[in-house]
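In what follows, every heavy atom counts, from backbone to side chain, and hydrogens, waters and symmetry copies are set aside.
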Amino acid sequence: MIEVVWFKRDLRVHDHAPLAAACAGGRPVAPLYIIEPELWRQAEMAGRHYAFLAESLADLDAALRARGGRLIVRVGEAVDVLAELHAAQGIAALHAHEETGLFWTYERDRAVRRWARRAGVPVFESRQHGVARAHDGRDGWAARWEAQMRAPRIPAPETIRMAELDSHEAPDAAALSLAIDPCPERQWGGRAEGVALLRSFLDARGRTYRRAMASPLEGAQACSRVSAHLALGCLSMRETYQAALRAKARWRDAGDEMFAQSVASFASRLHWHCHFIQKLEDEPDLERRALHPAYEGLRPARADDAAVVAAWAEGRTGFPFVDACMRALAATGWLNFRMRSMVTAFSAYHLWRDWRAPAQTLARMFTDFEPGIHYPQVQMQSGVTGVNTARIYNPVKQSHDQDPTGAFIRCWVPELAALPDEWLHEPWRAPRDTLTARGVALGRTYPERLVDHEQAARAARERVYAVRGEAGFRRTALAIQEKHGSRKSGLPPTGSASSRRGVARRTRTPSPQLPLDFAPRGEGER
């Protein structure tokens with residue numbers, strides 16, 4: 001009989017409750033990663049994700065080998081792989097972290113639960129970070145998050161009693177039907193890379209984080225850049241948060257208040273990381289439907305949808321700053337948060353496209369794609385949650401504000417590099433002789449803009465807010481706020497008491513992703 005540790009998006013040996021529990025059981029341990037071809041056929045998945053994963057798996061295998069183990073890689077559907085292992089060796093227990101991912105992984109986990117019950121295999125799940133399954137509502141959520149993040153980290157096992165099992169050869173991207181996905185400046189995967197990034201951020205790079213994080217040019221260096229490593233679990237949320245707290249105290253003691261405040265801002269964003277994933281945990285189908293049902297059908301399908309979304313994704317909108325952001329994202333797999341919000345809002349408001357296709361496009365482009373952050377954010381920036389202000393970013397104002405010298409545009413839209421600063425942000429306003437003298441021909445060397453951004457913004461705002469006046473809209477919005485709204489421990493949801501009348505309070509939020517049969521908790525909860 002063997003203890004199986006099913007690695008999913010938790011590719012590390014440090015602060016890993018399932019691995020620690022399996023090693024403590026005394027039986028041979030099988031550290032398992034399953035490459036699931038069907039997962040890689042989902043619309044959100046891309047070659048850059050698979051390349052980052054391969055590097056992270058190699059790093060994990062090396063860490064396991066240093067402790068007498070190794071990573072067992074199998075290819076196939078999870079139920080089939082587990083059934084085969086059970087038939088060959090007998091699975092005494094299956095250990096895993098809870099996962100909040102795509103609806104496909106939600107359905108896969110349900111299938112694994114059904115198989116485990118039939119096979120008589122006990123399954124023990126541990127919480128991966130601050131996202132709670134079958135939790136008691138949002139009241140007190142922040143305090144519980146803080147307590148878990150401050151709990152002692154679980155040390156990596158010193159030795160692993162390895163089960164005698166063979167591995168499959170990992171298929172290449174083409175074998176998984178993944179399209180060629182050039183991303184020449186993509187980050188490297190693996191825990192070692194993540195640790196180095198976190199250390200350099202907290203020791204030096206992060207000093208100007210609060211000021212620089214809104215800039216796509218400065219943010220590339222001043223931001224932590226650990227998001228992809230958190231998404232695949234090469235770093236644990238708890239160790240990242242605790243490292244940030246130590247760095248904040250260190251810089252404060254050293255008298256560098258600027259650095260201390262920057263680290264504090266980073267730590268607060270780790271709270272938000274889990275806050276957004278909690279939304280998808282509680283409603284696993286948010287990748288498919290608008291949070292507020294009144295917004296379904298707001299942006300009907302149009303014949304040119306594919307062409308317009310492609311132009312937006314490839315940086316051919318005619319708005320230099322938007323195009324620079326999308327081209328940078330294509331080449332690096334990363335974009336700072338403010339610009340992610342802007343390009344999403346641009347597709348939703350100015351181009352007036354339904355949020356789903358752009359969301360899948362961005363998911364394929366982000367190396368750090370995290371479903372629980374991505375889909376709630378896309379819905380929020382597209383104005384379909386019913387509880388958020390319509391954030392309609394002016395692409396020209398953002399261009400002047402975040403790239404005043406034009407350095408970012410000139411880097412990523414070189415066909416406009418010769419234009420004077422006066423016209424670089426709005427080439428459609430430039431005199432024809434100025435464009436000709438600088439080698440720019442709108443519609444030929446650089447696209448005409450797809451829309452008049454000011455007219456498009458006015459029309460979008462009217463349409464979005466018109467829905468809010470429909471009967472029943474407010475009651476549904478208040479229920480959404482009650483379920484998903486952020487609030488500090490002990491405080492009521494946003495809004496006055498009178499505005500919340502008639503909205504039933506939830507004393508418990510049963511997650512559709514029901515927990516497995518829990519063993520005594522790891523992660524500081526034993």
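Cation-pi geometry between Arg353 and Phe346 is not satisfied (NZ or CZ under 6.0 Å from the ring centre, within 45° of the ring normal).
The two residues Ser382 and Arg299 come nearest to each other via the heavy atoms O-NH2, 2.9 Å. When all heavy atoms of Met339 and Ala214 are compared, the closest pair comes out as CE-O, 3.8 Å. Shortest non-hydrogen contact noted between Val343 and Trp312 is O-NE1, 3.1 Å. Ala151 approaches Gln242 most closely through the heavy-atom pair O-NE2, 2.8 Å. Considering every non-hydrogen atom in both Ala231 and Arg9, the closest pair reads O-NH1, 3.1 Å.
With respect to Arg364 and Glu44, no salt bridge is recorded, no charged nitrogen being found less than 4.0 Å from a carboxylate O.
Residues Phe201 and Arg225 are not in side-chain contact: their nearest non-hydrogen atoms beyond the backbone lie 4.5 Å or more apart. Between Trp352 and Leu298 there is a side-chain heavy-atom pair separated by less than 4.5 Å.
Ring geometry for Trp272 versus Phe276: interplanar angle of 30 to 60°, hence tilted.
With Asn336 contributing its side chain and Gly219 its backbone, the two residues share no donor-acceptor pair below 3.5 Å. Judged by distance alone, with hydrogens and angles left aside, the side-chain atoms of Arg327 form a donor-acceptor pair with the main-chain N or O of Gly315 at under 3.5 Å. Judged purely by atom type and a 3.5 angstrom limit, Asp10 has no side-chain atom pairing as donor or acceptor with the backbone of Phe7. When atom types are taken as modelled, the side chain of Glu55 and the backbone of Gly189 share a donor-acceptor pair closer than 3.5 angstrom. Although no hydrogens or angles enter the test, the distance criterion places no donor-acceptor pair under 3.5 Å between the side chain of Asp181 and the main chain of Ala179.
With sequence neighbours excluded, no residue satisfies side-chain hydrogen bond (donor to acceptor under 3.5 Å, both in side chains) with Asp452. Contacts of Asp172 classified as salt bridge (Lys or Arg N to Asp or Glu O under 4.0 Å), with partners at least two apart in sequence or in another chain: none.
Ring centers of His97 and His16: under 6.0 Å apart, within the cut-off. For Tyr241 and Trp145, the ring centers sit closer than 6.0 Å to each other. Between Tyr349 and His453, the gap from one ring centroid to the other reaches at least 6.0 Å.
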Chi angles and distances behind the salt bridge (charged side-chain N to carboxylate O under 4.0 Å, His left out) call for Lys483, Asp282: CA-CA 9 Å; Lys483 183 173 184 179; Asp282 294 341; 5.9 Å; no
Salt bridge (charged side-chain N to carboxylate O under 4.0 Å, His left out) between Asp403 and Arg410, worked out: CA-CA 10 Å; Asp403 190 27; Arg410 289 188 171 93; over 6 Å; no
Derivation and outcome, side chain to side chain donor-acceptor pair (under 3.5 Å), residues Gln379 and Thr385: CA-CA 6 Å; Gln379 290 208 28; Thr385 67; over 6 Å; no
Worked verdict on Gln398 versus Arg338 for side chain to side chain donor-acceptor pair (under 3.5 Å): CA-CA 10 Å; Gln398 290 298 312; Arg338 188 177 185 87; 3.0 Å; yes
Audit row: Arg133, Glu281, salt bridge (charged side-chain N to carboxylate O under 4.0 Å, His left out) steps and yes/no: CA-CA 7 Å; Arg133 185 159 290 179; Glu281 171 66 31; 2.9 Å; yes
All N/O donor-acceptor pairs, side-chain side in residues 422-435, below 3.5 Å, sequence neighbours left out:
unit_1 : atom_1 : unit_2 : atom_2 : d
His425 : ND1    : Ser399 : OG     : 2.4

